[in-house]
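In what follows, every chain begins at residue 1, and chains take the letters A, B, ... in the order their sequences are listed.
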Number of protein chains: 2
Amino acid sequence: MSTKNKILDAADVLFADKGFNGTSLREITSQANVNLAAVNYHFGSKKELIKAVMSRYMDELSPQLESALSLICQAEQKPTLHEVFYAFIEPLLKLNEFKENGTSTFLQLLGRGYTDSQGFLRWFLTTQYPDVFTNFTKAVKIAYPELTTEEMFWRLHFTMGTIVFTMSSSEALIDIAQNDFNNKLDIAGVIERVIPYVAAGVAAPITNY
Amino acid sequence: MSTKNKILDAADVLFADKGFNGTSLREITSQANVNLAAVNYHFGSKKELIKAVMSRYMDELSPQLESALSLICQAEQKPTLHEVFYAFIEPLLKLNEFKENGTSTFLQLLGRGYTDSQGFLRWFLTTQYPDVFTNFTKAVKIAYPELTTEEMFWRLHFTMGTIVFTMSSSEALIDIAQNDFNNKLDIAGVIERVIPYVAAGVAAPITNY
DNA sequence: AGCTAGTTTAAACACCCGTTTAAAATAGCG
DNA sequence: CGCTATTTTAAACGGGTGTTTAAACTAGCT
């Protein structure tokens with residue numbers, strides 16, 4: 001395997017586990033059995049490495065999301081909110097075929113990116129992959145037209161937060177749940193439980209302030 | 001003001017803004033106009049300073065939450081889920097009287113603690129303030145008895161995630177919302193919008209897997 | 001084989017980190 | 001006041017950080 005890929009593989013596991021700031025280049029390169037200077041040679045800087053790690057997922061995910069969403073939007077029947085969310089979830093789960101534990105690792109990275117490094121990753125994603133968010137809001141708008149754009153803005157960010165936060169602490173939560181309820185669960189099981197929750201949240205009746 | 005409090009005040013603003021790992025003692029002490037060694041003199045270590053910052057909020061919050069929850073639980077009428085959540089929210093908003101921007105700063109710190117430093121803060125809070133969580137689950141159990149304990153476990157953690165995550169990125173989101181919708185909002189406005197969302201999520205109908 | 005372009009390597013760089021030290025300043029009290 | 005205990009200070013410590021350098025190595029190609 002190429003040095004570049006060895007670095008990417010080691011980096012995304014470590015980044016997901018310990019955060020971007022919490023992972024040093026020396027940890028990454030020694031995990032990847034690669035010389036320290038290789039990161040700066042192949043990627044230029046640590047920041048560019050972070051971008052590369054995220055882009056590997058986004059380049060796989062973004063077109064699949066786009067086609068899944070446009071499919072249900074162009075269907076003869078108006079989609080339900082559940083369908084919109086599942087359209088989002090399916091490509092997400094497919095990341096496990098693309099890479100081992102791809103789904104949870106990616107979502108953990110997303111969670112890291114929102115809190116680490118003062119929102120630089122949010123900037124990177126919204127400027128590099130703007131279609132993902134706008135397509136999703138379009139689909140929700142079709143499924144639930146009564147929702148004002150502003151209300152939807154907030155509810156989708158709440159949803160984003162729920163998903164990302166849940167996944168970034170999913171390992172710990174799954175551990176607790178297995179101890180307390182003797183119920184075996186994996187990441188897909190957590191997602192199955194979170195879907196009704198976020199769908200109900202987005203579909204909540206409109207209140208006046 | 002005492003050196004100890006100057007450090008605490010500077011620390012919680014910086015911790016909330018840049019995370020625990022992302023904030024150095026030198027930033028804190030120079031912001032507080034205090035000598036670098038004062039942190040280790042008064043608190044022993046950076047880790048103990050983090051605990052002290054969180055305890056200042058939790059010692060204020062914990063008893064108020066306890067009384068608010070026990071009040072609605074002992075009322076003659078069974079509380080609704082909305083009431084349970086508002087019982088939680090009111091003491092949270094009161095942190096603004098306790099300290100300027102106390103509410104959002106505290107929630108941001110909570111969010112940091114979940115992702116920074118590999119869950120050490122989660123351990124600290126659940127061992128030092130265990131009643132907060134158990135009282136809340138009791139109240140929800142009364143308001144929505146059909147929910148199994150396991151399902152509730154998950155939904156409450158989703159809720160925790162939604163709140164904490166939203167607050168930890170609330171500044172950025174409020175900025176975006178103000179640009180896009182010309183709608184002035186503060187942290188209380190965001191909370192007013194998130195309540196219907198999480199209440200609907202927790203109250204979502206039970207599905208079989 | 002010899003040359004070149006691409007890659008890997010060990011070492012060093014300058015800087016920031018949390019913590020410790022020992023001396024200086026301050027406060028409290030008999 | 002003089003003594004003691006507490007607090008503040010500047011300086012240094014050892015170690016980790018991302019990045020750069022220049023030399024060594026390794027293909028690939030004529």
Legend entry - Gap between atoms NZ and P, on B/K47 and C/dT19 respectively (whole Å): 10 Å

Inset, instruction - Enter the distance from B/Q178:CD to B/L173:CG here, rounded to the nearest 0.5 Å. - result: 11.5 Å

Inset, instruction - State which residues pass side-chain contact (heavy atoms from CB on, under 4.5 Å) with A/V13; sequence neighbours excluded, sorted by chain then number. - result: none

Residues 135-144 of chain B, side-chain donor-acceptor partners within the protein, below 3.5 Å, at least two apart:
from, atom 1, to, atom 2, distance (Å)
B/N135, ND2, B/D131, O, 3.3
B/T137, OG1, B/F133, O, 3.4
B/T137, OG1, B/T134, O, 2.8
B/K141, NZ, B/L147, O, 3.2
B/Y144, OH, B/A204, O, 3.3

Legend entry - Whole-Å gap separating C1' (D/dT20) and CG (A/N40): 8 Å

Under 3.5 Å, which N/O atoms of the protein pair with N/O atoms of nucleotides 10-17 of chain C?
from, atom 1, to, atom 2, distance (Å)
C/dC17, OP1, B/S24, OG, 2.9

Legend entry - Rounded interatomic separation in angstrom, taking CD1 from B/I28 and P from C/dT19: 11 Å

Inset, instruction - Scan residues 31-61 of chain B for pairs that pass ring pair (Phe, Tyr, Trp, His ring centres under 6.0 Å), counting only residues two or more places apart or in two chains. - result: B/Y57-B/F106

Legend entry - Rounded interatomic separation in angstrom, taking NZ from A/K4 and P from C/dG6: 13 Å

Inset, instruction - Can you tell me which residue pairs pass the ring pair (Phe, Tyr, Trp, His ring centres under 6.0 Å) test with a partner in residues 173-192 of chain B, sequence neighbours excluded? - result: A/F153-B/F181

Legend entry - Out of C/dG6, D/dT7, C/dT20, whichever nucleotide has its closest atom nearest the side chain of B/H42: D/dT7

Inset, instruction - Starting from P on D/dT19, measure out to CD1 on A/I7 and report it in whole angstrom. - result: 13 Å

Legend entry - Integer-rounded Å distance: D/dG16 P and A/K18 NZ: 13 Å

Legend entry - Any A/T3 side-chain nitrogen or oxygen under 4.0 Å from OP1 or OP2 of C/dT7: no

Inset, instruction - Please name all residues satisfying side-chain hydrogen bond (donor to acceptor under 3.5 Å, both in side chains) with B/D175, sequence neighbours left out, ordered by chain then number. - result: none

Legend entry - Nearest-Å distance for atom pair OH/C1', residues B/Y41 and C/dT26: 11 Å

Legend entry - Nearest-angstrom distance from the residue atom NZ of B/K6 to P of D/dT7: 14 Å

